[in-house]
2 protein chains.
Amino acid sequence: MATMRDVARHANVSVTTVSFALNNTKPVAPATRARIEVAMKELGFQRNAIARALASKRTHILALLFPALQHQFSGTAVNFFTSAAAKANELGYSLMLWPLSNDAEELTELTTNGLIDGVLLMEVQLDDPRVERLAKTTVPFALIGRTREPGDLTYVDVNFEDAVERGIEHLVSLGHRNICLVDGNTPTHRLVGYGPIVRTETTYTAAMRARGLTPRMFSCDETPAGGREVAGHILDEAPETTAILFMNENAGFGMVSGLRARGKVVPDDISMLAIGSSPEIAALSDPEISLMASPSVELGQMGVEALIGLLENPAETPPQQALVPCTFIDNASIRAPR
Amino acid sequence: MATMRDVARHANVSVTTVSFALNNTKPVAPATRARIEVAMKELGFQRNAIARALASKRTHILALLFPALQHQFSGTAVNFFTSAAAKANELGYSLMLWPLSNDAEELTELTTNGLIDGVLLMEVQLDDPRVERLAKTTVPFALIGRTREPGDLTYVDVNFEDAVERGIEHLVSLGHRNICLVDGNTPTHRLVGYGPIVRTETTYTAAMRARGLTPRMFSCDETPAGGREVAGHILDEAPETTAILFMNENAGFGMVSGLRARGKVVPDDISMLAIGSSPEIAALSDPEISLMASPSVELGQMGVEALIGLLENPAETPPQQALVPCTFIDNASIRAPR
DNA sequence: TTGTACGCGTTATCAT
DNA sequence: ATGATAACGCGTACAA
């Protein structure tokens with residue numbers, strides 16, 4: 001591998017000048033710059049990222065932290081990873097993957113060994129211990145999702161409130177008045193408080209009341225079996241239901257068949273609208289489920305952008321805080337009530 | 001941040017000794033080692049990964065390369081990423097994500113800037129240009145999947161041949177004799193040759209012939225719509241079919257409903273067996289699809305292990321080449337023919 | 001067993 | 001506009 005010294009010699013200049021030319025740190029005479037560029041081509045030179053990092057104290061590496069134990073996390077995750085990594089590359093950064101068990105040690109080690117410039121935190125909970133821990137370090141970080149009180153933390157989150165509000169409005173405009181909500185029900189969610197679910201429940205309740213309608217909430221496991229079961233509950237306990245709003249991708253499949261088993265057809269008898277699902281998964285259902293699609297690609301891109309912004313404009317005010325709307329995709333699971 | 005110099009001073013030794021103690025490079029007197037450890041604790045010392053890399057010429061960073069444009073790639077991908085990253089961490093490495101467009105430049109830049117120790121290549125095609133390019137560099141690399149002629153390249157791949165063979169055997173043992181194959185049909189697959197599909201078709205044909213049965217192959221888009229369409233073709237062109245072997249996760253959903261639309265029920269009238277699918281996705285179908293589950297977690301782990309083996313035992317013979325079997329999960333889509 | 005001193009390939013400071 | 005030279009923090013001959 002050719003080093004800057006080789007290039008410098010080859011071009012009859014000092015390494016300093018080569019560095020200036022490469023980084024545009026200081027003006028370099030066009031003629032010398034040309035010589036340098038020729039030398040670089042001839043030697044196939046490429047700057048050593050490690051030496052660069054050691055001298056400049058910036059590695060241009062970002063860490064993507066996510067819980068090692070996934071729950072649902074299906075179609076959206078890959079899109080998210082991919083778009084985040086692509087955007088990072090585009091901006092001259094690399095993205096590192098850190099599946100963390102809930103071990104505190106790891107996190108501190110990771111953030112203090114000088115390998116990374118910043119951290120992107122996925123699957124943020126309402127009261128996330130990782131956030132508190134990171135806040136004590138000096139490593140810049142951005143959240144995907146947000147805590148209960150984000151303060152001036154940098155974050156990018158899905159605008160579930162907006163999605164629920166628009167979803168209900170759409171259903172109501174079609175004539176639905178008995179709309180129930182079904183969400184997930186894992187131990188994690190109930191214990192630590194999973195933002196999307198809590199915010200969705202809150203918004204749902206408020207949006208229904210604001211229209212003089214009665215909120216009816218159900219929960220079930222994030223499995224088709226859970227969906228079949230809850231379908232029965234809904235028909236038993238809220239038989240007047242004409243539309244179901246749900247943020248439980250996997251259970252959706254079971255709900256369709258659970259309803260069918262009881263003689264109810266989607267969408268003829270009951271409409272269904274998924275919140276925060278992915279188009280790929282929703283399209284697998286029969287009928288294809290209409291959904292408020294989670295903006296996973298945008299989330300990945302914006303998260304990276306926000307973090308890099310934080311790194312490169314240290315004292316930016318105000319902090320980057322973005323709520324990204326879902327996209328309504330009207331497939332075949334909604335129609336006006338009879 | 002405390003450096004080794006600080007620790008050395010604090011413990012009244014030289015940095016050399018600290019380094020020896022940390023790396024076990026040379027023996028260190030128990031007493032000195034104790035003093036050093038105390039000093040490290042008190043100062044909260046942690047080695048700087050970058051300086052370490054610069055001096056040792058090993059970054060302990062691996063790159064995971066995958067095509068930026070995904071096709072199917074759903075449930076398995078997240079598991080794969082996660083398990084690979086976790087295994088890397090466990091072995092003292094970090095995993096970097098590189099969604100590459102098919103741009104040659106990027107690849108060479110990436111491999112010559114000294115940032116990574118080795119490369120893990122995903123979604124390897126039968127004649128993969130990336131492999132040829134990498135072979136010309138000095139960067140060690142391992143394949144997930146394999147080329148037509150892997151030679152002595154290090155790779156880990158799914159044993160599709162075994163999965164198909166076992167799948168057919170299972171169906172035949174239940175009495176099925178008219179088993180057709182459905183696979184994917186994207187431009188990429190047809191043009192460059194996608195190993196899993198080619199190998200599956202070959203094995204399927206051979207396995208059928210070996211049993212005196214007639215192979216019938218169909219292809220369709222990797223969408224539910226594609227599945228519905230091909231279901232019609234199958235009923236028209238091969239009405240004697242009693243079982244369908246398919247490696248087209250998304251189309252599977254469409255096939256079930258396409259068959260049902262023509263009055264055929266899975267599994268009563270026709271059995272279905274997915275090859276290389278994921279349990280999560282297969283469970284979403286109604287009935288739940290029986291499958292040969294892709295060993296994505298093992299693949300991620302083994303790929304990383306193989307690569308690290310290559311890095312740390314430079315002249316290992318023979319090269320690590322592993323074929324990982326699928327796991328048969330018998331859900332509810334198979335039964336004996338009438 | 002421990003220490004001295006140099007090298008790794010850049011960036012950054014201070015001259016010129 | 002360009003150049004010497006000192007960091008950056010750690011690994012490792014070589015010496016003692």
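Sequence lines set the chain letters: A, B, ... in the order given, protein chains first and strands last, and positions in each chain run from 1. These figures come from a predicted structure and were not determined experimentally.
Atom CG in A/N23 sits roughly 13 Å away from atom P in C/dT13 (whole-Å rounding). Summarising the geometry, the separation between CZ on B/R5 and P on C/dA5 is reported as 13 Å, rounded to the nearest angstrom. Distance A/L54 CG to C/dG9 C1': 9 Å, rounded to the nearest Å. Between A/M4 atom CE and C/dC8 atom P there is a gap of 15 Å when expressed in whole angstrom units.
In this structure a side-chain-to-backbone donor-acceptor pair under 3.5 Å is missing from B/T154 to B/A142.
Taking 4.5 Å as the limit, every side-chain heavy atom of B/V324 sits out of range of all side-chain heavy atoms of B/D157. Residues A/N89 and B/P99 have side chains in contact (heavy-atom distance under 4.5 Å, counting atoms from C-beta outward). When side chains are defined from C-beta on, A/T111 counts as touching A/L134, because their heavy atoms get closer than 4.5 Å.
Helix bend of the helix from C/dT1-D/dA16 to C/dT16-D/dA1: the angle between its two end axes, each built from five pairs, comes to 30° after rounding to 10°.
Listed by first and then second residue, the salt bridge (charged side-chain N to carboxylate O under 4.0 Å, His left out) pairs involving residues 76-86 of chain A amount to none (not counting sequence neighbours).
Crowding of B/R58 atom CZ: a count of heavy atoms from other residues, nucleotides or ligands under 6.0 Å exceeding 12.
Nearest-nucleotide positions on DNA chain D for B/M1 and B/T25 put B/M1 closer to the 5' end. With DNA chain C read from its 5' end, the first of the two nearest nucleotides for B/S56 and A/A53 is the one closest to B/S56.
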Tabulate below the donor-acceptor pairs under 3.5 Å that side-chain atoms of residues 24-32 of chain B make, not counting sequence neighbours, or state none.
| residue | atom | partner | partner atom | Å |
| --- | --- | --- | --- | --- |
| B/N24 | OD1 | B/R33 | NH2 | 2.9 |
| B/T32 | OG1 | B/A29 | O | 3.0 |

Distance-only criterion, 3.5 Å: show the donor-acceptor pairs between side-chain atoms of residues 34-46 of chain B and protein atoms not counting sequence neighbours.
| residue | atom | partner | partner atom | Å |
| --- | --- | --- | --- | --- |
| B/R35 | NE | B/A11 | O | 3.0 |
| B/R35 | NH2 | B/A11 | O | 3.0 |
| B/E42 | OE1 | B/H10 | NE2 | 2.7 |
| B/Q46 | OE1 | A/T112 | OG1 | 2.6 |
| B/Q46 | NE2 | A/E109 | O | 3.3 |

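Taking the six-membered ring for Trp and thresholds of 30 and 60 degrees, A/F81 and B/F81 have nearly parallel ring planes, at less than 30 degrees apart.
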B/T16 and B/S19: side-chain hydrogen bond (donor to acceptor under 3.5 Å, both in side chains), yes or no, with the steps?
CA-CA 5 Å; B/T16 313; B/S19 178; over 6 Å; no
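Put simply, chain A comes within 4.0 Å of DNA chain D, heavy atom to any atom, from D/dA1 to D/dG9, going 5' to 3'.
Proximity of A/R47 to the phosphate of C/dT10: no side-chain N or O atom is located under 4.0 Å from OP1 or OP2. For the OP1/OP2 pair of C/dG9 and a distance below 4.0 Å, the side-chain nitrogens and oxygens of B/K57 include at least one atom meeting the criterion. The shortest distance between the side-chain N/O atoms of A/S19 and the OP1/OP2 oxygens of C/dT10 is not below 4.0 Å.
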Give me the distances for all protein-to-nucleotides 1-4 of chain C N/O pairs that come in under 3.5 Å?
| residue | atom | partner | partner atom | Å |
| --- | --- | --- | --- | --- |
| C/dT2 | OP1 | B/T32 | OG1 | 2.4 |
| C/dT2 | OP2 | B/A29 | N | 2.8 |
| C/dT2 | OP2 | B/T32 | OG1 | 3.2 |
| C/dG3 | OP2 | B/S14 | N | 2.8 |
| C/dG3 | OP2 | B/S14 | OG | 3.3 |
| C/dG3 | OP2 | B/T17 | OG1 | 2.7 |
| C/dT4 | O4 | B/T16 | OG1 | 2.7 |

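At a cut-off of 3.5 Å, with distance as the only test, no side-chain donor of B/T147 or B/D128 sits close to an acceptor on the other residue.
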